[in-house]
Amino acid sequence: MANLPILQFEEQIVETVDRNPVVVIIGETGSGKSTQLSQILHRRGYTKSGIIGVTQPRRVAAVSVARRVAQELGVHLGDEVGYAIRFEDRTSERTHIKYLTDGVLLRESLSNPELSQYSVIILDEAHERSLNTDILLGLMKRLVRMRASNLKVLITSATLDGEKVSNFFSNCPILSVPGKLYPVEILYSNERPTSYLEASLKAALDIHIREPEGDVLIFMTGQDDIEKLVSKLEDRVQSLEEGSCLDAIILPLHGSLPPEMQVRVFSPPPPNCRRFIVATNIAETSLTVDGVVYVIDSGYVKQRQYNPSTGMYSLDVVQISKVQANQRAGRAGRTRPGKCYRLYPSILYNDDFLDVTVPEIQRSSLAGSVLYLKSLDLSDMDILKFEFLDPPSSESLEDALKQLYLIDAIDENGLITSIGRVMAELPLEPSLSRTLMEANECGCLFQALTVAAMLSAETTLLPGRSKSTEKKRKHSHLDLPDGSGWGDHIQLLQIFEEWDRTNYDIGWCKDHNLQVRGMLFVKDVRKQLSQIMQKIAKGSLDVRANGRWNEGEQDYRNLRKALCIGYANQLAERMVHHNGYRTLGFKPQVVQVHPSSVLKPDDEGKLPEYVVYHELIATSRPYLRNVCAVEIHWVMPILNKVKKINVNKLSGGTDLAVEGTEGNLSDLPKKEVNIAGVPDDHKSRIQAARDRFLARKAKK
DNA sequence: GAGCACTGC
């Protein structure tokens with residue numbers, strides 16, 4: 001600790017913080033910024049008037065850094081030094097230094113917008129630009145104006161965007177603290193390889209044959225490529241002459257690997273053995289593998305992006321940014337000098353790579369964030385004028401407003417409704433929050449809580465989905481319930497109910513190939529949601545089991561209706577002649593229900609006329625993931641509402657003149673609203689659909 | 001008939 005670089009800068013840091021409300025700290029890896037900044041300010045009296053809060057983008061980081069600082073100060077974790085993450089608050093009245101995830105700080109600011117208990121807020125790892133960090137940056141900008149006399153804000157960032165953050169905060173000072181990394185030699189390829197899989201293979205073998213011991217970390221884009229490379233590498237290493245080089249262990253590392261497989265990278269290799277770790281960007285920030293000396297960087301990453309005009313997510317392989325490339329290279333220099341093989345030419349890095357990763361806020365649906373900001377009730381709050389470090393497009397903001405309007409979170413003037421206020425309290429996507437509120441009205445909250453909790457954990461429920469190991473959940477022989485034909489939400493409900501009947505038996509999860517950790521997480525989330533609903537609904541609600549009926553007899557009507565109201569912004573109509581769907585409320589997309597869905601066709605092989613969907617994502621094709629059958633007469637009022645949407649009004653535009661605040665939004669594009677996706681003749685189509693529906697019913 | 005990177009309240 002004594003030789004951490006940052007400690008030589010203590011005087012300079014304290015002096016700068018004393019004189020400025022905001023300071024940007026450029027702290028390279030190993031500088032000690034995460035553990036030392038808080039301690040320095042604590043030593044210098046900044047905890048006399050409040051506590052020091054340090055945000056982290058990840059839970060594990062918040063916990064491990066807090067633990068470390070408590071150790072260094074010789075105090076019990078949870079006393080002077082503590083942490084707060086979802087489901088776990090280890091702080092007390094004695095806590096001076098509090099580590100927390102940025103999501104938790106956002107929640108705190110909902111109940112206490114001035115964050116008055118804090119004298120210092122340190123936004124750590126701000127260069128990662130998570131959605132939450134970006135919103136916090138905007139809030140901090142307001143907060144330092146309001147609390148100029150008694151709040152200090154420190155933002156740690158990367159070399160390449162420190163300037164930009166400083167500009168955002170009125171050109172506040174930037175302090176650079178060197179890191180403690182060993183030098184990493186960067187080696188570029190002459191050109192982009194035609195196949196980066198083959199190029200990685202070749203680079204890995206070259207290292208293995210020519211270079212002295214030291215592990216190799218290879219960055220790939222996804223599970224498929226990782227598995228391919230692992231098997232190719234295994235073949236090639238085996239064919240090398242016995243004794244000609246070190247032994248080799250080859251390990252895959254990605255998010256959908258079960259935890260016990262992930263931790264294999266933390267056990268040190270046997271002597272005379274080189275490890276090859278073939279990883280996604282999980283090894284860029286989330287997991288640190290010791291012993292890495294060589295890095296092979298493909299220069300690509302798989303990134304999720306949202307298209308606000310279609311409401312569709314896609315998962316694309318894109319070029320990484322310079323910050324990411326440097327982060328990857330740095331992984332080679334943690335224990336001794338290393339080498340980084342970049343499978344792209346230096347000219348590409350210099351001229352073509354973006355300096356920083358496109359922030360998440362420009363790649364996501366903003367419905368949740370906009371609702372959050374609206375619920376803060378900031379006096380000068382106008383969502384379209386909120387100061388973002390990198391503003392999202394106005395199209396994206398308007399999309400968010402449109403969605404919030406359809407689910408009754410805001411009114412036609414863009415003002416938050418009483419429903420919207422409650423929704424913002426719930427740690428869920430707006431559609432699910434709305435579903436819970438509606439379920440509370442229809443007496444099926446008990447079930448809706450389960451569905452919302454299951455969907456919050458959905459991706460962690462199933463074990464790795466690799467081709468070899470997959471046991472299919474939905475069409476499986478594992479006799480999981482099948483949603484009674486109504487779709488995936490209902491299936492998720494039935495799965496949890498069955499587990500509930502076994503009294504949460506761990507063995508049952510294993511028998512049914514469900515991740516135990518995922519199911520336990522669902523239980524936690526469900527409990528949390530239920531507590532929040534009890535608190536805000538003031539006793540009027542039904543969280544007890546009276547939403548349960550005898551199985552087999554129910555059509556989940558109330559629950560499906562609640563889902564329909566909640567997912568009014570994610571509605572699709574079946575095409576007339578086949579089982580494709582068309583999305584409604586967005587520029588219409590022809591999409592299909594994901595083949596893993598349990599939604600069942602009727603006797604004629606037709607899927608339901610209308611479904612709501614949890615997610616629309618283009619992988620090999622555009623797919624609706626997690627769908628639920630809904631009834632036509634619930635859909636019609638929604639379609640009417642869609643038709644009436646006036647985005648100008650929603651964003652506070654057209655009617656401002658009437659209210660005498662003309663010109664307030666002059667910078668807004670006054671574009672003609674065209675809600676594509678609702679054909680003018682939709683009424684006749686609905687009529688036709690109903691006829692078909694009735695005809696089918698009569699036939700039965 | 002497909003297969004999705006990573007976080008978080």
Side-chain angles (χ1 to χ4, degrees), chain A residues 55-62 84-89 100-111 125 128-136 219-227 253-257 262 279-287 298 300-305 313-318 320 324 327 357 359-360 363-364 368-369 371-372 423-430 432-433 452-453 456-460 462-475 521 524-525 528-529 531-532 579 592-597 615 617-625:
Chain A
T55 68
Q56 295 289 327
R58 279 170 294 280
R59 298 162 54 96
V60 273
I85 59 178
R86 187 178 188 179
F87 304 133
E88 210 183 341
D89 184 351
L100 68 175
T101 50
D102 39 26
V104 169
L105 189 62
L106 281 177
R107 288 284 141 194
E108 288 185 3
S109 126
L110 206 54
S111 51
E125 317 290 2
E128 289 187 24
R129 303 295 303 277
S130 74
L131 190 53
N132 287 341
T133 306
D134 268 25
I135 291 171
L136 281 174
F219 284 102
M220 305 294 285
T221 59
Q223 184 178 345
D224 257 17
D225 286 349
I226 288 173
E227 282 166 9
L253 180 61
H254 53 82
S256 38
L257 222 50
Q262 284 189 14
T280 59
N281 49 336
I282 196 171
E284 220 172 85
T285 48
S286 306
L287 294 180
S298 62
Y300 289 112
V301 69
K302 208 173 273 187
Q303 218 173 51
R304 198 175 140 103
Q305 3 232 7
Y313 276 96
S314 61
L315 211 51
D316 308 317
V317 173
V318 300
I320 57 172
Q324 276 178 296
Q327 178 72 28
T357 316
E360 208 185 338
R363 298 186 280 116
S364 321
S369 303
L371 178 61
Y372 171 83
M423 285 169 59
E425 298 275 334
L426 289 158
L428 289 172
E429 301 152 54
L432 286 173
S433 307
S456 302
E458 216 246 346
T459 51
T460 60
L462 308 169
R465 285 186 242 182
S466 80
K467 283 167 189 149
S468 49
T469 61
E470 173 158 11
K471 303 258 167 56
K472 291 161 200 163
R473 167 168 63 105
K474 306 220 162 171
H475 291 234
F521 178 75
D524 280 345
V525 174
Q528 184 190 30
L529 296 176
Q531 283 166 349
I532 296 173
N579 275 337
Q592 280 182 305
V593 176
H594 196 276
S596 65
S597 174
E615 187 180 46
I617 183 159
T619 49
S620 57
R621 293 177 184 176
Y623 284 115
L624 303 177
R625 285 190 69 250

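Naming convention: chains lettered A, B, ... in sequence-line order (proteins, then strands); numbering from 1 in each chain.
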Side chains of A:Thr357 and A:Arg129: does their closest heavy-atom pair fall under 4.5 Å?
no
Does OP1 or OP2 of B:dA5 have a side-chain N or O of A:Gln223 closer than 4.0 Å?
yes
Options B:dC4, B:dC9, B:dA2, nucleotide nearest the side-chain atoms of A:His594:
B:dA2
Which of these nucleotides, B:dA5, B:dA2, B:dC4, is closest to any side-chain atom of A:Pro595?
B:dA2
Assign A:Leu131 to base, sugar-phosphate, or nothing according to its heavy-atom contacts below 4.0 angstrom with the strands shown.
nothing
May I ask you to say what A:Thr280 touches in the nucleic acid, namely base, sugar-phosphate or nothing, with a heavy-atom cut-off under 4.0 Å?
sugar-phosphate
Full working for side-chain hydrogen bond (donor to acceptor under 3.5 Å, both in side chains) between A:Tyr372 and A:Ser109
CA-CA 10 Å; A:Tyr372 171 83; A:Ser109 126; 3.0 Å; yes
Is the phosphate of B:dC4, meaning OP1 or OP2, less than 4.0 Å from a side-chain N or O of A:Thr619?
yes
Minimum-distance nucleotide (side-chain atoms of A:Ile282 versus B:dT7, B:dA5, B:dG8)
B:dT7
Which of these nucleotides, B:dA2, B:dT7, B:dC9, is closest to any side-chain atom of A:Ile85?
B:dC9
Atom CG of A:Leu287 and atom C1' of B:dT7: how far apart are they, to the nearest Å?
12 Å
Identify, between A:Ser456 and A:Arg621, the residue whose nearest nucleotide on DNA chain B lies closer to the 5' end.
A:Arg621
dist A:Ile532:CD1 -> A:Leu428:CG (nearest 0.5 Å) comes out at 8.0 Å
NA contact type, A:Arg58, heavy-atom cut-off 4.0 Å: base, sugar-phosphate, or nothing?
sugar-phosphate
Given atom CD of A:Glu227 and atom C1' of B:dC4, what is their separation to the nearest angstrom?
13 Å
In whole angstrom, give the distance that lies between atom CD1 of A:Ile135 and atom C1' of B:dG8.
12 Å
For B:dG1, does either OP1 or OP2 sit under 4.0 Å from a side-chain N or O belonging to A:Ser596?
no
Side chain of A:Leu315: nearest nucleotide among B:dC4, B:dT7, B:dG8?
B:dC4
Atom CD of A:Gln327 and atom P of B:dC6 are separated, to the nearest Å, by 16 Å
Looking only at side-chain N and O atoms, does A:Arg625 come under 4.0 Å of OP1 or OP2 in B:dA2?
no
Using a heavy-atom cut-off of 4.0 Å across all strands, would you classify A:Val301 as base, sugar-phosphate, or nothing?
nothing
How is A:Glu615 classified with respect to the nucleic acid when contacts are heavy atoms under 4.0 Å: base, sugar-phosphate, or nothing?
base
Mind checking salt bridge (Lys or Arg N to Asp or Glu O under 4.0 Å) for A:Arg304 and listing every partner two or more places apart, or none if nothing turns up?
A:Glu615
By side-chain hydrogen bond (donor to acceptor under 3.5 Å, both in side chains), A:Glu284 pairs with (sequence neighbours left out) A:Gln324, A:Arg328
Rounded interatomic separation in angstrom, taking CG from A:Asn281 and P from B:dA5:
10 Å
Taking atom P of B:dC9 as reference, at what distance in whole Å does atom CD of A:Gln56 sit?
12 Å
Is there a side-chain contact between A:Thr55 and A:Thr133, using heavy atoms and a 4.5 Å cut-off?
no
Side-chain N or O of A:Thr285 less than 4.0 angstrom from OP1 or OP2 on B:dC6?
no
How many whole angstroms separate atom CD of A:Gln305 from atom C1' of B:dC6?
13 Å
Value in whole Å for how far the C1' atom of B:dC9 lies from CD of A:Glu425:
12 Å
